[in-house]
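Note on naming: letters A, B, ... go to the chains in the order of the sequence lines (proteins, then strands), and numbering restarts at 1 for each one.
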2 protein chains.
Amino acid sequence: MDSCDKEVYKLFFGTLANQSRLKILNILRSGQKNVKEICRETEFEQSMVSHNLKMLEYHGMVFVEKKGKFRYYDLNKKTIKPLLELIDAHMREYCCKIARGER
Amino acid sequence: MDSCDKEVYKLFFGTLANQSRLKILNILRSGQKNVKEICRETEFEQSMVSHNLKMLEYHGMVFVEKKGKFRYYDLNKKTIKPLLELIDAHMREYCCKIARGER
DNA sequence: TAATCATATGAAAAAAAAGTCATATATTTA
DNA sequence: TAAATATATGACTTTTTTTTCATATGATTA
């Protein structure tokens, strides 16, 4: 990991370090959705969803597919799903106190 | 992943979404180090290193061991190392444009 | 036990990221 | 082709995070 990599890592993790984007990713776990559907399910405002989807797409965490006037976003199941699972394992073991809000 | 989890995920990723902390983690890959050594190798100011180490420790990414007046910090090789490797794989495949600075 | 060394902490300043709002663009339908 | 619908974008404001600075704490040594 050289200093260039660290910048990339930072951007990558930064993309995941946000509850709105995590909520979007989570919703996409159940299949691809268009922007409107994501707005409805998250109860987020549309432009915010678009901003966040752009960031997720840029980092390869979701893919887009144009269908007429809609844009369907799909989770990258190959890497993002296992990644979330690995982190689940880490957190089960080391972050109980965080989950409980301890300091 | 419920809304409580998302908060924890956010904190977890937030801890990794920072070049200073990534640099510290990277340096710890070659074995445990005390704060002074980390300062020297990173060229970061001491209090900043301490703040960042605290955050890393709180999230189970490093462990501390007191030895006299020194405190040795050690990387969590069980989860953080494989995590970084998984992300390497993701980035090799999807984030080339990021590494190249494209937009 | 005073001086020194190693590290931690809190508050405040600086920097970065997130969210909002107005509006632009693109596609479709009437 | 005008209106409507879906989504994206840019500039700005707000919020959050990071860094810095001064200082506190704790262990060691002279």
Side-chain angles (χ1 to χ4, degrees), chain A residues 3 6-28 32-59 61-74 98 101-103, chain B residues 3 6-28 32-59 61-74 98 101-103:
Chain A
S3 77
K6 272 195 288 299
E7 170 68 13
V8 182
Y9 271 76
K10 189 205 123 177
L11 293 170
F12 180 86
F13 290 123
T15 304
L16 294 172
N18 174 284
Q19 285 189 256
S20 306
R21 286 189 292 272
L22 287 170
K23 189 167 185 179
I24 292 171
L25 286 179
N26 202 36
I27 277 170
L28 292 180
Q32 59 169 23
K33 303 233 162 38
N34 66 45
V35 179
K36 200 122 235 203
E37 291 170 328
I38 296 169
C39 287
R40 183 163 31 73
E41 292 195 41
T42 56
E43 297 184 300
F44 293 155
E45 185 259 338
Q46 179 269 315
S47 76
M48 178 191 154
V49 169
S50 281
H51 279 302
N52 283 147
L53 283 171
K54 189 182 184 180
M55 194 165 171
L56 289 169
E57 196 217 336
Y58 180 63
H59 290 271
M61 294 172 188
V62 301
F63 304 116
V64 209
E65 194 186 337
K66 276 175 83 170
K67 287 184 186 173
K69 60 178 172 178
F70 300 96
R71 279 165 174 264
Y72 279 84
Y73 284 86
D74 203 1
I98 300 168
E102 289 170 24
R103 290 282 148 184
Chain B
S3 76
K6 271 194 287 300
E7 170 68 15
V8 181
Y9 271 75
K10 188 206 126 178
L11 293 170
F12 180 86
F13 290 122
T15 303
L16 294 172
N18 174 283
Q19 284 189 255
S20 307
R21 287 188 292 273
L22 287 170
K23 190 168 186 179
I24 291 171
L25 286 179
N26 201 36
I27 277 170
L28 292 179
Q32 59 170 23
K33 304 235 163 33
N34 66 44
V35 179
K36 199 126 237 199
E37 292 170 328
I38 296 168
C39 288
R40 183 164 30 73
E41 293 196 39
T42 56
E43 298 184 301
F44 293 154
E45 185 258 339
Q46 180 270 316
S47 76
M48 178 190 153
V49 169
S50 281
H51 280 302
N52 283 146
L53 283 171
K54 189 181 185 183
M55 194 166 171
L56 289 169
E57 197 218 337
Y58 180 63
H59 290 272
M61 294 171 188
V62 302
F63 304 116
V64 208
E65 194 186 339
K66 275 176 83 171
K67 287 184 186 173
K69 62 178 173 178
F70 301 95
R71 280 165 172 264
Y72 280 83
Y73 284 86
D74 203 1
I98 300 168
E102 292 171 22
R103 290 282 150 185

Inset, instruction - Identify, between A:Glu45 and A:Phe70, the residue whose nearest nucleotide on DNA chain D lies closer to the 5' end. - result: A:Phe70
Inset, instruction - Dump the intermediate steps for side-chain contact (heavy atoms from CB on, under 4.5 Å) on B:Val64 and B:Leu53, then the final yes or no. - result: CA-CA 9 Å; B:Val64 208; B:Leu53 283 171; over 6 Å; no
Legend entry - A:Lys67 NZ to C:dT28 C1', straight-line distance once rounded to whole Å: 17 Å
Legend entry - D:dT19 phosphate, OP1 or OP2, under 4.0 Å from B:Asn18 side-chain N/O: yes
Inset, instruction - Round to a whole Å and report the spacing from CD of B:Gln19 to P of C:dA16. - result: 10 Å
Legend entry - Gap between atoms CD1 and P, on B:Ile24 and D:dT18 respectively (whole Å): 12 Å
Inset, instruction - Could you work out which one of C:dG19, D:dT7, D:dT19 sits closest to the side chain of B:Met48? - result: D:dT19
Legend entry - Separation of B:Met61 CE from B:Thr15 OG1 (nearest 0.5 Å): 4.5 Å
Inset, instruction - Would you check if B:His51 stacks with the base of D:dT18, given a 5.5 Å centroid limit and a 30° plane limit, both strict? - result: no
Legend entry - Rounded distance (Å) that lies between atom C1' of D:dT28 and atom NZ of B:Lys66: 13 Å
Legend entry - Side-chain N or O of B:Arg71 closer than 4.0 Å to phosphate OP1/OP2 of D:dG26: no
Legend entry - Phosphate OP1/OP2 of D:dT17 contacted by B:Lys10 side-chain N/O (<4.0 Å): yes
Legend entry - Short side-chain N/O contact from B:Lys69 to OP1 or OP2 of D:dG26, under 4.0 Å: no
Legend entry - Of the listed nucleotides D:dA6, C:dT7, D:dA8, the one nearest the side chain of A:Ser50: D:dA8
Inset, instruction - Could you tell me the separation between the CG atom of B:Leu22 and the P atom of D:dT18, rounded to a whole number of Å? - result: 11 Å
Inset, instruction - Would you please confirm or rule out a distance under 4.0 Å between OP1 or OP2 of D:dT7 and any side-chain N or O of A:Ser47? - result: no
Inset, instruction - Using only side-chain N and O atoms of A:Tyr73, determine if any of them is under 4.0 Å from OP1 or OP2 of D:dA6. - result: no
Legend entry - Quiz item: A:Gln46 side-chain donor-acceptor pair to D:dA6 base, under 3.5 Å: no
Inset, instruction - Run the numbers on B:Glu37 and B:Tyr72 for side-chain contact (heavy atoms from CB on, under 4.5 Å), then give the verdict. - result: CA-CA 9 Å; B:Glu37 292 170 328; B:Tyr72 280 83; 3.8 Å; yes
Legend entry - Interatomic distance, A:Phe44 CZ vs C:dT20 P [rounded to whole Å]: 9 Å
Inset, instruction - Please state how far atom CG in A:Asn52 lies from atom C1' in C:dA17, giving the value in whole angstrom units. - result: 11 Å
Legend entry - Phosphate OP1/OP2 of D:dA8 contacted by A:Lys54 side-chain N/O (<4.0 Å): no
Legend entry - Length of the line joining B:Met55:CE and C:dT9:P, which is rounded to integer Å: 15 Å
Legend entry - Among A:Gln46, A:Lys54, A:Met48, the one residue meeting side-chain contact (heavy atoms from CB on, under 4.5 Å) with A:Ser50: A:Gln46
